[in-house]
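What follows is one structure encoded as structure tokens, with my remarks underneath.
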Amino acid sequence: DLHPLRDTLAPGFVAAAARRIAERAPAILGFSTMFQQTMASLAIARAVKALEPRIVIVFGGANCQGPMGRALLRNYPQIDHVFTGEADFSFPQWVDHVLDGAISGQAVRGIDGDTGGIGALSDPATGEPAPVVALDATPIPEYRDYFAQIARLSDRARIEVSLPFEASRGCWWGQKHHCTFCGLNAGGMAFRAKSGGRVVTE
């Protein structure tokens with residue numbers, strides 16, 4: 001029976017997570033969501049907003065692709081902005097502008113904000129950034145915070161650490177013949193790969 005989890009344990013987890021986040025007082029709080037992560041992210045985002053309304057809350061990830069992201073932004077007031085599409089370059093650009101006080105979420109490529117604006121560099125047909133082609137130019141992930149958090153857990157010995165690694169995006173087969181039950185967003189179907197040298201170095 002999942003009802004006790006929903007009615008007793010989940011609210012305590014949400015409250016504790018929101019409190020820990022609010023205590024750190026971040027300027028921007030980002031949620032990357034896919035599959036079943038959206039409802040938990042929405043719950044924690046709402047609790048954080050109640051504690052500290054000045055924190056700018058941003059959603060992105062596969063569950064924010066296209067109309068899904070716009071629907072989330074329209075229906076959940078705890079979300080300030082939604083990134084849709086591949087935001088490897090547009091998201092850091094937007095963060096820099098927000099931290100510099102230059103914008104409060106106005107149009108930047110790949111973002112839907114309070115104004116509903118999309119930057120001039122967007123694909124005019126979709127309002128989204130074009131898929132990243134030059135994967136060698138994308139940033140290398142930084143995992144030090146992840147390992148620091150694991151080290152502080154009381155049951156860290158039970159965790160089998162694994163790290164995601166990306167050498168390519170899209171699907172070379174899907175470009176030729178899209179599988180019937182494929183869950184890959186159509187906009188990201190085109191196959192792209194990092195160079196062999198970049199893969200080895202990374």
Side-chain angles (χ1 to χ4, degrees), residues 2-65 68-84 86-106 108 110-117 138-166:
L2 295 179
H3 287 92
L5 295 176
R6 184 193 66 185
D7 298 335
T8 59
L9 294 181
F13 171 80
V14 168
R19 186 168 57 251
R20 288 174 60 188
I21 292 169
E23 287 171 354
R24 298 183 67 175
I28 301 169
L29 174 62
F31 291 86
S32 180
T33 173
M34 67 178 185
F35 301 131
Q36 296 91 0
Q37 298 168 337
T38 298
M39 296 310 296
S41 298
L42 288 169
I44 294 173
R46 183 174 62 180
V48 169
K49 271 293 187 185
L51 293 171
E52 186 46 81
R54 292 175 296 179
I55 296 176
V56 177
I57 294 181
V58 186
F59 270 53
N63 284 358
C64 296
Q65 182 75 17
M68 295 186 291
R70 287 186 281 276
L72 285 170
L73 184 65
R74 185 171 60 249
N75 289 288
Y76 295 95
Q78 64 265 45
I79 304 175
D80 295 305
H81 308 284
V82 170
F83 273 81
T84 181
E86 296 182 3
D88 302 77
F89 303 116
S90 57
F91 180 68
Q93 174 193 2
W94 177 81
V95 169
D96 286 342
H97 284 300
V98 171
L99 296 182
D100 290 343
I103 63 171
S104 58
Q106 288 96 319
V108 172
I111 186 170
D112 292 334
D114 295 330
T115 63
T138 59
I140 296 176
E142 170 57 70
Y143 291 111
R144 279 181 292 191
D145 285 349
Y146 170 70
F147 286 108
Q149 290 182 43
I150 287 179
R152 291 194 296 267
L153 295 177
S154 59
D155 56 351
R156 57 187 176 274
R158 298 175 54 195
I159 298 175
E160 182 176 343
V161 176
S162 62
L163 297 177
F165 177 79
E166 179 185 58

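Remember, it's a predicted structure, so these values are computed and weren't measured experimentally.
- The main-chain N or O of Ser162 is never found under 3.5 Å from a side-chain atom of Glu160 such that the two would form a donor-acceptor pair.
- For Ile55 against Ala22, the heavy-atom pair with the smallest separation is CD1-CA, 4.4 Å.
- Looking at heavy atoms from C-beta onward, Leu42 lies out of side-chain contact with Phe31 at the 4.5 angstrom threshold.
- Nearest heavy atom pair, residue Val82 against residue Cys64, reads CG1-CB, 3.8 Å.
- A distance of 11.5 Å separates CZ of Phe83 from CG of Leu73, quoted to the nearest 0.5 Å.
- Atom CZ of Phe35 has 12 or fewer neighbouring heavy atoms from other residues, nucleotides or ligands inside a 6.0 Å radius.
- Shortest non-hydrogen contact noted between Val14 and Ala43 is CG1-O, 3.6 Å.
- Met34 and Gln37 get closest at one heavy-atom pair: N-OE1, 2.9 Å.
- Checked by atom type and distance alone, the side chain of Asp80 pairs as donor or acceptor with a backbone atom of Ile57 at under 3.5 Å.
- Using a 4.5 Å heavy-atom cutoff, the side chains of Tyr76 and Phe59 are not in contact.
- In this structure, the separation between CD on Glu23 and CG on Leu51 is 9.0 Å, given to the nearest 0.5 Å.
- Going from atom CD1 of Ile150 over to atom CG of Asp155 covers 10.5 Å, rounded to the nearest 0.5 Å.
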Stepwise side chain to side chain donor-acceptor pair (under 3.5 Å) test for Thr38 and Asn63
CA-CA 7 Å; Thr38 298; Asn63 284 358; 2.8 Å; yes

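- Within the 3.5 Å criterion, the main-chain N or O of Ile79 finds no donor-acceptor partner in the side chain of Lys49.
- Within 6.0 Å of the OH atom in Tyr146, the count of heavy atoms belonging to other residues, nucleotides or ligands exceeds 12.
- Glu52 CD to Ile21 CD1: the interatomic distance, rounded to the nearest 0.5 Å, is 12.5 Å.
- To the nearest 0.5 Å, atom CD of residue Glu142 and atom CZ of residue Phe147 are 10.0 Å apart.
- The CD atom of Gln149 sits 14.0 Å away from atom CZ of Arg144, with the distance rounded to the nearest 0.5 Å.
- The closest donor-acceptor contact from the side chain of Gln78 to the backbone of Ala47 lies at 3.5 Å or more, if one exists at all.
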